[in-house]
Amino acid sequence: MTAKTPEFKSATLEAWAKAAAKSAPGGNVDALNWVTPDGISVKPLYTAADTADLAHADTLPGFEPYLRGPQATMYAVRPWTIRQYAGFSTAEESNAFYRKALASGGQGVSVAFDLATHRGYDSDHPRVTGDVGKAGVAIDSVEDMKILFNEIPLDKVSVSMTMNGAVLPVLAGYIVAAEEQGVSQDMLSGTIQNDILKEFMVRNTYIYPPEPSMRIIGDIIGYTAKHMPKFNSISISGYHMQEAGANQALELAFTLADGKEYVKTAIDSGLDVDAFAGRLSFFWAIGMNFYLEVAKLRAARLLWCRIMKGFNAQNPKSLMLRTHCQTSGWSLTEQDPYNNIVRTTVEAMAAVFGGTQSLHTNSFDEAIALPTEFSSRIARNTQLIIQEETHITNVIDPWAGSYMMEKLTQDMADAAWKIIEEVQAMGGMTKAVDSGWAKLKIEAAAAEKQARIDSGQDVIVGVNKYKLKTEDAIDARDIDNVAVREGQIARLQTIKKNRDTKAVTQALEALTFAAGHKEGNLLDLSIKAIRLRATVGEVSDALEKAFGRHRADTQKVSGVYAAAYEDASHPGDTMDYWNQLKADIVDFAAAHGRRPRVMISKLGQDGHDRGAKVVATAFADLGFDVDMGPLFQTPEECARQAIENDVHAVGVSTLAAGHKTLVPAIIAELKKQGADDIIVFVGGVIPRQDYDMLYEAGVKGIYGPGTPIPVSAKDVLVQIQKALA
């Protein structure tokens with residue numbers, strides 16, 4: 001028997017199994033398997049037998065099914081594009097940041113817009129007082145867009161824009177700004193996200209209902225296919241799904257199902273699939289689950305090729321999945337934040353090994369605020385070091401032939417395809433989103449993940465293990481929201497004073513008519529209005545007259561957090577804390593005749609509701625009565641609902657930096673409406689430098705990233721009891 005014979009392999013595998021069983025729990029080798037959140041069983045040892053039946057195991061980069069990469073030479077000839085996703089405050093400040101980043105090694109511009117712009121409001125609208133310039137750059141008109149790209153040659157620099165709700169006026173503003181810079185539409189390169197289905201699932205920066213939103217997508221795909229051949233008309237995004245809690249299989253399945261729906265929409269509008277499919281791109285989150293992230297990107301290309309063949313696409317470019325990736329923001333921690341540099345590096349490596357076409361690396365301080373120039377430079381240099389120092393780029397798809405990676409790629413593809421088939425049985429992704437099913441699947445995964453972290457099952461270094469006794473303060477970027485808004489309002493007034501009001505009105509009326517009568521191309525008409533100096537808000541309002549504004553139902557999952565937390569494998573001390581807290585809530589109800597009642601709220605235009613939904617689920621599982629406020633409330637609306645629902649406490653979940661304006665406003669409103677006995681607590685992304693200001697305003701509890709939910713729940717219960725005493 002030699003090392004080359006099957007008998008030798010069988011004997012050595014049997015010997016390995018016996019040796020492994022001795023150290024496995026219960027003497028069972030299967031206990032060594034790692035079962036991922038996606039339900040995939042990952043073995044500790046793989047052999048050739050695991051890949052013997054895989055059809056993709058002997059394929060090449062640049063050839064169907066493109067699993068090993070969309071280009072034949074990948075990074076060996078040209079590395080991925082280094083992007084810096086940024087935008088804050090004014091167009092002037094963001095422009096200065098972009099130019100400095102490009103001069104320091106950045107290779108493209110990725111624009112983050114503030115939430116007022118995302119939701120189609122001009123900066124002078126009363127609903128956006130706390131949002132202007134806070135989580136991105138404020139853009140009200142083409143004049144802002146011209147400043148944003150000042151001295152950035154748009155015929156040479158690729159521009160990526162994360163925009164979905166107000167996609168028509170924003171894309172139109174970019175096109176007109178380029179024209180006035182002397183750059184024709186056919187020279188523009190880059191990507192507009194234009195992915196509305198994921199907004200209804202997770203990110204919530206929608207404006208119009210699903211049906212007219214899908215029409216907008218079709219019009220943009222049609223216009224760009226005809227006039228902008230170098231521009232990607234849609235970036236189908238899984239990023240925000242994973243950031244909202246989806247595991248890798250859910251992210252992969254829902255994103256590809258969204259892509260399938262968009263292709264169908266474009267074909268139904270009369271386009272030939274090969275006329276536009278080559279300009280579709282994708283956008284994935286890359287988290288800390290290293291092996292799964294590499295497998296996910298490889299599986300995505302395999303499945304997209306299969307999907308596009310189902311549409312009878314003939315052009316090879318139509319079959320290739322090309323993608324941008326961004327390292328996770330959710331994986332970043334407020335505690336021991338320099339650990340985030342390591343996390344981002346690991347995630348960047350996974351994206352590169354998976355074969356991304358461009359990459360943004362998050363900055364280590366983004367768990368608490370917008371990144372500083374110091375932290376952004378480290379994030380950008382992370383990519384430069386991988387490109388320039390490691391020689392990773394010299395080998396195409398280095399994981400090819402790995403028994404583990406090839407099998408895991410197939411397992412990931414199979415898990416995602418099963419979910420895609422479930423979506424198709426429901427009638428497609430639009431119906432899956434409309435029903436709320438897709439959103440609840442993601443929220444359940446988020447609650448389960450948080451329970452595993454809070455109970456210590458999943459380790460987060462510096463948060464629930466290896467914690468520092470004291471945390472060093474770090475500098476955080478602060479935006480003067482009031483000053484930014486005042487400057488934007490002044491510019492809006494100047495634009496409206498100097499334009500041809502009659503011509504603008506006619507252009508906006510033409511847009512409303514086309515939207516209502518399903519005539520014309522809405523992007524073409526938006527460009528005409530923007531040329532005349534119509535504002536983002538005015539174009540959005542003109543469309544809203546025909547389409548209406550979407551309002552989502554507020555639902556929450558139940559039992560998921562408790563089920564994961566109460567797993568028998570949890571350490572005894574965490575379970576004792578959990579059970580004691582549940583008993584305390586029962587005692588409260590006995591003493592006061594009802595259970596403690598809290599309302600979880602999102603104020604302003606911040607639609608990121610992962611934290612709010614998980615907290616609501618966990619509090620309810622503990623025994624609180626929990627109300628969910630609708631998204632996009634003003635402080636006045638929130639206070640009124642809290643009083644009507646007779647709650648003991650209002651919890652404000654904040655991610656988009658509006659807390660300094662909006663939280664004092666809700667406290668003032670409760671007092672104004674005679675309900676200052678209702679306490680207010682705050683959770684989310686809040687720099688520690690803002691804590692004192694919030695406490696002075698009357699906040700009773702602040703729970704930053706990494707706070708275990710049972711700990712915050714206990715504190716809220718104590719604060720309610722103090723208020724009632």
Side-chain angles (χ1 to χ4, degrees), residues 115-116 124-132 134 478-483 485-486 554 588 591-606 609 611-612 615-616 619 624-704 707 712-725:
L115 289 168
D124 58 359
H125 198 285
R127 299 194 75 89
V128 299
T129 54
D131 298 299
V132 177
K134 292 295 280 185
D478 187 34
I479 303 297
D480 186 345
N481 163 247
V482 175
R485 188 165 185 263
E486 288 175 352
T554 302
F588 179 98
H592 296 278
R594 64 176 181 138
R595 297 188 292 180
R597 190 178 192 95
V598 301
M599 184 172 111
I600 307 299
S601 304
K602 297 289 295 184
L603 300 179
Q605 300 306 304
D606 177 11
D609 61 352
V615 168
F619 272 50
F624 285 83
D625 279 331
V626 180
D627 299 313
M628 282 294 299
L631 290 171
F632 315 122
Q633 281 189 312
T634 64
E636 295 83 357
E637 292 164 344
C638 180
R640 187 163 55 249
Q641 183 181 355
I643 294 166
E644 290 172 354
N645 291 7
D646 194 22
V647 303
H648 295 104
V650 172
V652 179
S653 174
T654 178
L655 186 72
H659 55 273
K660 291 174 71 174
T661 301
L662 296 170
V663 173
I666 179 64
I667 294 171
E669 273 300 319
L670 287 168
K671 185 175 183 179
K672 179 181 176 182
Q673 297 184 37
D676 52 354
D677 57 325
I678 296 176
I679 69 168
V680 174
F681 60 96
V682 187
V685 178
I686 307 165
R688 288 193 176 273
Q689 66 199 36
D690 295 345
Y691 279 28
D692 289 345
M693 170 261 176
L694 292 173
Y695 282 129
E696 288 171 8
V699 169
K700 297 301 182 183
I702 302 172
Y703 315 110
T707 305
S712 64
K714 173 68 173 178
D715 189 54
V716 169
L717 181 64
V718 169
Q719 295 298 330
I720 290 173
Q721 289 170 325
K722 287 181 179 178
L724 293 173

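For the numbers below, each heavy atom of this structure counts, side chains included, while hydrogens, waters and symmetry mates do not.
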For the backbone of [Y] and the side chain of [X], can you confirm whether one donor and one acceptor N or O come within less than 3.5 Å of each other?
{"X": "Arg688", "Y": "Gly704", "value": "no"}
{"X": "Lys602", "Y": "Gln633", "value": "no"}
{"X": "His648", "Y": "Arg597", "value": "yes"}

Please tell me if the side chains of [X] and [Y] come closer than 4.5 Å, counting only heavy atoms from C-beta onward.
{"X": "Val652", "Y": "Leu662", "value": "no"}
{"X": "Pro630", "Y": "Glu637", "value": "no"}
{"X": "Ile720", "Y": "Val598", "value": "yes"}
{"X": "Pro664", "Y": "Glu696", "value": "no"}
{"X": "Cys638", "Y": "Leu603", "value": "yes"}
{"X": "Asp715", "Y": "Phe681", "value": "no"}
{"X": "Phe624", "Y": "Ile600", "value": "no"}
{"X": "Ile679", "Y": "Lys722", "value": "no"}

Roughly how far, to the nearest 0.5 Å, is NZ of Lys700 from CD1 of Ile702?
11.5 Å
To the nearest 0.5 Å, how far apart are CD1 in Ile667 and CG in Leu694?
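Separation between the atoms: 7.5 Å.
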For Ile678, side-chain contact (heavy atoms from CB on, under 4.5 Å) partners two or more places apart:
Ala642, Ile643, Val647, Val650, Leu670, Ala675
According to side-chain contact (heavy atoms from CB on, under 4.5 Å), who are the partners of Ser712, at least two apart in sequence or on a separate chain?
Phe619, Tyr703, Thr707, Ile709
Kindly give the heavy-atom pair with the smallest separation between [X] and [Y], and that separation in Å.
{"X": "Val132", "Y": "Ala116", "result": "CG2-CB, 4.5 Å"}
{"X": "Asp131", "Y": "Gly604", "result": "OD2-CA, 3.6 Å"}
{"X": "Ala616", "Y": "Met628", "result": "CB-SD, 3.4 Å"}
{"X": "Met599", "Y": "Gly629", "result": "CG-N, 4.2 Å"}

Derivation and outcome, side-chain contact (heavy atoms from CB on, under 4.5 Å), residues Asp606 and Leu115:
CA-CA 7 Å; Asp606 177 11; Leu115 289 168; 3.9 Å; yes
Intermediate values then yes/no, side-chain contact (heavy atoms from CB on, under 4.5 Å), Asp625 and Arg594
CA-CA 9 Å; Asp625 279 331; Arg594 64 176 181 138; 5.5 Å; no
